[in-house]
Amino acid sequence: AQKWLMQAQVSPQAWQFCWALLSPDKVPEIQYFGASALHTKISRYWSDIPTDQYESLKSQLFSQIACFSSGSKMVLTRLCVALASLALNTMPEAWPGAVAEMVRVFQEEGGGVDGRARCLALLELLTVLPEEFQTSRLPQYRKGQVRGALGREWGSVCPLLQQLLRRADSPGAVKARVLRCLSSWVLLDVPLNESEGLVHDCFSALSDPELFDTAVEAIVNAISQPDSQRYVNTLLKLVPRVLALQDQLREAVQNGDMETCHGICRIAVTLGENHSRTLLEQVDHWQSFLALVNMIMFCTGIPGHYPVNETTSSLTLTFWYTLQDEIMSFESDKQAVYLQVYRPVYFQLVDVLLHKAQFPSDHEYASWSSDEKEQFRIYRVDISDTLMYVYEMLGAELLSNLYDKLGRLLTNTEQPTSWQHTEALLYGFQSIAETIDVNYSDVIPGLIGLIPRISINNVQLADTVMFTIGALAEWLADHPVMLSSVLPLVLQALGNPDLSVSSVSTLKKICRECKYDLPPYATNIVAVSQEVLIKQIHKTSQCMWLMQALGFLLSALPVEDILRNLHSLITPYIQQLEKLADETPNPSNKLAIIHILGLLSNLFTTLDISKQDDESADGSAPPVKATPPPPGPNPVVVVLQQVFALIQKVLSKWLNDSQVVEVRRHAEPSPVSSLCLRPTHLGLRCFTGGLCHLREICEDPPLPSDLLNCSFQMVHIFASETDHFPPIKALFELVTSVTLSVFQQGPRDHPDIVDSFMQLQAQALKRKPDLFLSESLDVKAVFHCGILSLKFPEAPTVKSTCLFFTELLPHCSDVPPLARVVQEDGKLLVQAVLEGIGGGASRSLMDQFAEVLFSLNKHCFSLLAVWLKEALQPPGFPSSRITTEQKDNFSQQILRERVNKRRVKDIVKEFTLLCRGLHGTEYAAEY
Ligand SMILES: *[C@@H]1O[C@H](CO)[C@@H](O)[C@H](O)[C@H]1NC(C)=O
Ligand SMILES: *[C@@H]1O[C@H](CO)[C@@H](O)[C@H](O)[C@H]1NC(C)=O
Ligand SMILES: *[C@@H]1O[C@H](CO)[C@@H](O)[C@H](O)[C@H]1NC(C)=O
Ligand SMILES: *[C@@H]1O[C@H](CO)[C@@H](O)[C@H](O)[C@H]1NC(C)=O
Ligand SMILES: *[C@@H]1O[C@H](CO)[C@@H](O)[C@H](O)[C@H]1NC(C)=O
Ligand SMILES: *[C@@H]1O[C@H](CO)[C@@H](O)[C@H](O)[C@H]1NC(C)=O
């Protein structure tokens with residue numbers, strides 16, 4: 001029914017039936033449908049209307065609006081929108097002075113409708129007019145014209161609004177509507193100096209509770225107009241009006257009136273945030289701007305706990321960034337002057353923020369809902385980010401300031417200190433230390449000295465202490481003597497399930513950063529870790545982190561120590577795994593297997609005795625100090641040899657279970673980070689150790705796309721390691737030939753396999769194009785497989801295939817077999833790409849197709865020119881909607897763009913719209 005009604009609305013008959021539906025004997029729902037149909041026709045099928053009927057349509061609308069001004073509100077609004085749309089279509093030539101005429105028509109007496117209803121209808125009409133303009137789909141050149149015309153109409157609107165707002169006898173409902181109308185008009189960039197009088201009236205309206213919200217909205221809209229900064233004098237006059245709201249604000253705070261607090265703070269923050277530069281530059285008025293800044297400080301520090309007692313303070317944080325940015329962007333001598341004024345302000349801000357970051361009393365916190373706790377957590381993160389930013393302005397002095405406060409707090413024996421206060425100061429410290437190199441701050445040793453003085457009687461405080469130590473891990477690496485004072489705390493916390501996340505992540509950071517200084521503590525760390533693992537104190541993901549921590553730790557030990565520790569660490573798990581491998585697969589032993597494989601993977605992920613991996617050049621892995629590999633056997637290999645058979649047994653039993661296989665791939669969130677190296681090592685050895693086994697699996701289609709996925713990882717990781725090249729090459733050839741044979745049997749049956757296959761090929765091209773030099777690789781078949789896949793309906797498959805071609809084309813020059821196949825069959829590729837652009841493929845894929853064209857243009861320019869010409873020759877290709885001239889134009893444009901990829905994407909988008917007959921339609925603009 002919905003569809004039928006939508007069709008009815010756009011049908012030619014709608015012009016007639018809409019009036020009938022509006023008749024007074026119909027129910028409002030039907031009248032509403034009639035009014036909507038009218039609006040739809042006017043806004044989208046304007047060209048249906050002959051010019052000589054504009055007048056009669058207009059007067060019909062006026063009289064309908066008059067009728068409904070005392071009728072159904074929703075029908076009235078729709079009719080107003082319809083008339084607004086008509087006005088926008090006829091302004092300024094066909095209907096000059098539209099707004100003035102609207103005002104005049106509604107001010108005339110008559111129609112038996114009372115003055116107040118007429119006034120409200122007029123205000124409704126004037127309110128929807130700018131809104132309809134914002135959402136209308138006028139062509140660009142008309143938009144500018146109409147905006148100009150509307151701007152000139154402000155001269156008719158403004159006096160009307162002012163008069164209505166100032167009249168003592170205007171009813172509240174009218175005034176509220178006036179304020180909404182103003183909000184709507186200022187969004188059209190009405191010059192601020194011309195709405196100044198009205199904005200002042202809005203400030204006066206703030207004392208009326210009934211008008212408060214709409215007045216706030218109007219003021220905020222007016223002063224946040226991008227253009228408003230040009231009217232400096234007007235802005236300067238507004239500052240005292242904002243400052244004058246402070247009494248109302250304080251009163252609202254006292255009465256716990258959150259809405260009023262929120263509204264007033266929004267006004268102050270909007271003025272400060274949008275105009276800090278302009279106002280800072282008015283040096284003669286520096287005191288009034290400083291007063292505004294202090295008012296915003298009051299809003300930041302508004303009493304009560306966020307989000308339970310207040311929701312206002314979070315509004316202000318962006319202001320502080322903006323102000324700081326503006327100050328720091330002045331040239332240095334000017335900046336120095338501003339800093340003199342504003343550094344103390346920012347120090348005060350730090351105090352205020354740390355006060356706001358404090359946890360409430362235990363009793364109160366316990367009464368919060370989990371949603372409130374989560375909001376508070378996020379709020380604290382925002383505060384933390386602000387502090388980090390403020391550090392750029394205040395520098396090391398900020399840390400000493402925090403340190404002094406903490407010192408005073410912890411050594412003050414007269415007053416009992418609240419844990420909340422201590423926690424907040426440490427939290428501030430940690431926020432900064434976490435991201436900033438604190439090496440040159442001389443207060444860190446003092447801070448570490450203070451930590452043992454903290455009486456940790458609370459989980460939140462303990463968490464923050466842990467995170468603070470974690471944040472100092474890099475510093476500890478430079479100052480290893482201090483390790484002995486913090487490690488015991490961390491190891492102790494490790495046994496507390498409530499501190500699971502903070503203690504394990506801190507231990508991991510310390511092990512990663514300080515591994516070369518940890519050998520003296522290694523025995524102890526391993527022992528404690530083993531104990532908590534056995535006692536199952538931590539959840540799965542913390543167990544995984546803990547194994548990573550141990551991997552880092554062991555990496556720096558002498559080989560025999562590594563072996564000894566590894567032996568004691570993993571023997572229990574191996575024994576368990578042996579037992580599980582003999583059982584019949586079921587869901588519970590599956591989970592256990594996944595858990596154990598995960599632990600081993602994570603351990604081997606970080607256990608790295610070699611020099612820095614080339615993989616960490618990705619930036620995905622932490623930098624590791626380069627050291628020459630120690631002499632002796634590689635302990636990882638030693639262990640692997642021992643467990644090889646076992647892992648193979650598990651794999652062969654579970655290989656059709658993607659979860660078990662995947663655990664090795666997804667041990668880390670980012671699958672293509674160096675961290676996959678060790679787990680996949682296991683896989684590689686299994687596979688290369690038993691390629692026959694692999695062949696067996698492969699030759700029993702459907703071949704698991706997981707296997708391709710695994711191969712992808714291996715190519716990614718091992719292709720550039722010379723030692724591993726022969727097995728990788730064998731693996732790659734085997735997987736390619738098996739997949740191609742699957743493909744020949746029925747390519748459409750396995751789009752997921754084709755997807756993974758194309759990703760694998762792309763990866764091989766990227767990591768090791770030499771793989772394509774091999775005699776036993778059927779490059780031509782792979783290329784053809786790609787061309788077929790370009791026509792698949794599955795968007796992900798097509799995306800991977802486009803990626804394959806964009807990786808392939810650059811190797812036209814350095815890999816002869818690839819050059820040959822491109823030369824011979826490149827035209828097929830161009831045809832397939834054009835077919836996709838011509839309408840064969842989803843429009844969401846056009847960027848990918850454009851990439852292929854761009855790559856062709858870059859790497860086989862002269863051939864592309866010929867292929868394009870030949871491919872576009874047949875009439876009706878790639879679309880019957882396209883003319884020869886448009887095709888020529890397209891080829892020329894493409895061939896011209898050899899540098900600007902963005903441009904090529906635009907050209908392809910334009911062309912695909914032409915081919916699909918969507919050019920210049922609403923549909924095109926919408927998607
Ligand atoms: C507003 O400012 C413009 C210049 O930007 C000026 O031309 C115009 O006369 C001013 N209008 C009023 C009412 O002051
Ligand atoms: C103006 O202020 C509002 C409210 O604080 C903010 O959302 C908006 O981003 C600001 N605009 C500019 C250009 O700073
Ligand atoms: C915050 O609100 C809670 C609950 O409504 C109340 O118990 C507490 O006293 C309030 N705190 C402040 C500082 O207003
Ligand atoms: C940090 O300071 C220590 C000792 O003061 C010094 O040895 C180390 O090189 C410094 N590190 C950096 C990154 O500046
Ligand atoms: C493979 O999966 C099936 C069912 O999903 C299961 O019965 C079988 O044991 C699994 N293992 C092997 C080796 O087939
Ligand atoms: C691995 O397989 C999954 C689906 O099982 C797929 O979403 C993913 O993109 C594949 N990754 C690679 C690198 O092939």
Side-chain angles (χ1 to χ4, degrees), residues 148 151-152 154-159 161-162 183 185-187 189-201 216-239 242 250 252-258 261-280 292-293 295-296 299-326 329 352 355-369 371-373 375-376 379 382 386 418 420:
R152 288 190 293 280
W154 175 242
S156 317
V157 179
C158 179
L161 298 185
Q162 212 148 24
S183 270
W185 276 85
V186 292
L187 295 181
D189 278 336
V190 168
L192 188 63
N193 64 345
E194 291 179 9
S195 57
E196 183 179 332
L198 272 167
V199 174
H200 280 277
D201 293 339
V216 169
E217 207 59 41
I219 294 172
V220 165
N221 283 345
I223 56 188
S224 57
Q225 272 306 290
D227 197 40
S228 56
Q229 72 206 21
R230 287 172 43 205
Y231 304 100
V232 180
N233 286 326
T234 308
L235 290 171
L236 284 174
K237 278 184 260 170
L238 292 178
V239 178
V242 177
R250 275 193 213 97
V253 169
Q254 263 160 19
N255 300 336
D257 175 356
M258 275 159 78
C261 289
H262 203 79
I264 294 178
C265 289
R266 259 185 84 196
I267 295 175
V269 168
T270 306
L271 184 61
E273 197 175 317
N274 288 267
H275 302 293
S276 47
R277 175 110 205 161
T278 313
L279 294 173
L280 275 171
L292 179 67
V293 172
M295 180 175 173
I296 296 175
C299 298
T300 308
I302 214 150
H305 292 288
Y306 184 93
V308 172
N309 308 86
E310 61 94 4
T311 53
T312 299
S313 57
S314 66
L315 283 184
T316 63
L317 297 181
T318 321
F319 164 75
W320 297 107
Y321 286 95
T322 312
L323 178 63
Q324 180 179 334
D325 267 350
E326 297 300 357
S329 70
V352 168
H355 185 74
K356 294 294 294 183
Q358 284 189 23
F359 278 88
S361 68
D362 296 317
H363 169 70
E364 222 179 308
Y365 191 63
S367 74
W368 286 11
S369 69
D371 189 41
E372 285 163 344
K373 287 179 182 166
Q375 281 187 46
F376 181 61
Y379 175 69
D382 289 344
T386 310
S418 75
Q420 286 90 345

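Residues: numbered from 1 along the sequence shown. On a predicted model such as this, the values are computed, not experimentally measured, just so you know. Atoms within each ligand, like the ligands themselves, are counted from 1 in listed order.
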*Measuring from the heavy atoms of Pro303, does anything fall under 4.0 Å of ligand 3?*
no
*Answer yes or no on whether Lys373 is positioned over the face of Tyr365, meaning its NZ or CZ is under 6.0 Å from the six-membered ring centre and within 45° of the axis.*
yes
*Check whether any side-chain N or O of Ser228 sits under 3.5 Å from a backbone N or O of Ile223 as a donor-acceptor pair, and report yes or no.*
yes
*What atoms in ligand 2 come closer than 4.0 Å to a heavy atom of Thr270?*
2 (O), 4 (C), 5 (O)
_Spacing of CG belonging to Leu279 relative to CG belonging to Leu271, to within rounding of 0.5 Å_ = 5.5 Å
_With heavy-atom distances below 4.0 Å as the criterion, list the atoms of ligand 3 near Gly304._
13 (C)
*Look at ligand 1 and say whether Arg230 reaches it with a heavy atom at a distance under 4.0 Å.*
yes
*Compare every heavy atom of Asn309 with every heavy atom of Gly304, then report the nearest pair and how far apart it is.*
CA-CB, 3.7 Å
*asked:* Quick one, Thr300 and Trp320 - any side-chain contact, counting heavy atoms below 4.5 Å?
replied: yes
*Nearest non-hydrogen protein atom, atom 11 (N) of ligand 1*: Asn193 ND2, 2.9 Å
*Side-chain heavy-atom pair Ser361, Glu364 within 4.5 angstrom cut-off*: yes
*asked:* With respect to Glu273, determine whether any N or O atom, backbone or side chain, lies less than 3.5 Å from an N or O atom of ligand 2.
replied: yes
*Hey, are Glu273 and Arg266 close enough for a salt bridge, meaning a charged N less than 4.0 Å from a carboxylate O?*
no
_Among all protein heavy atoms in this structure, tell me which lies nearest to atom 1 (C) of ligand 2, with the distance rounded to 0.1 Å._
Asn274 ND2, 1.8 Å
*asked:* Considering non-hydrogen atoms of the protein only, which is the closest contact for atom 2 (O) of ligand 3, and what is the distance?
replied: Asn309 ND2, 2.2 Å
*Hey, is atom 8 (C) of ligand 1 touched by any protein heavy atom at less than 4.0 Å?*
yes
*Measure across Lys237 and His200 and return the closest heavy-atom pair with its distance rounded to 0.1 Å.*
O-CE1, 3.9 Å
*Which heavy atom of the protein is the closest neighbour of atom 4 (C) of ligand 3, given with residue, atom name and distance?*
Val308 CG1, 4.4 Å
_Heavy atom of protein inside 4.0 Å of atom 14 (O) of ligand 3, strictly below_ = yes
_Side chain, backbone, both or neither: which applies to Glu364 and ligand 3 if a contact is any heavy-atom pair less than 4.0 Å apart?_
side chain
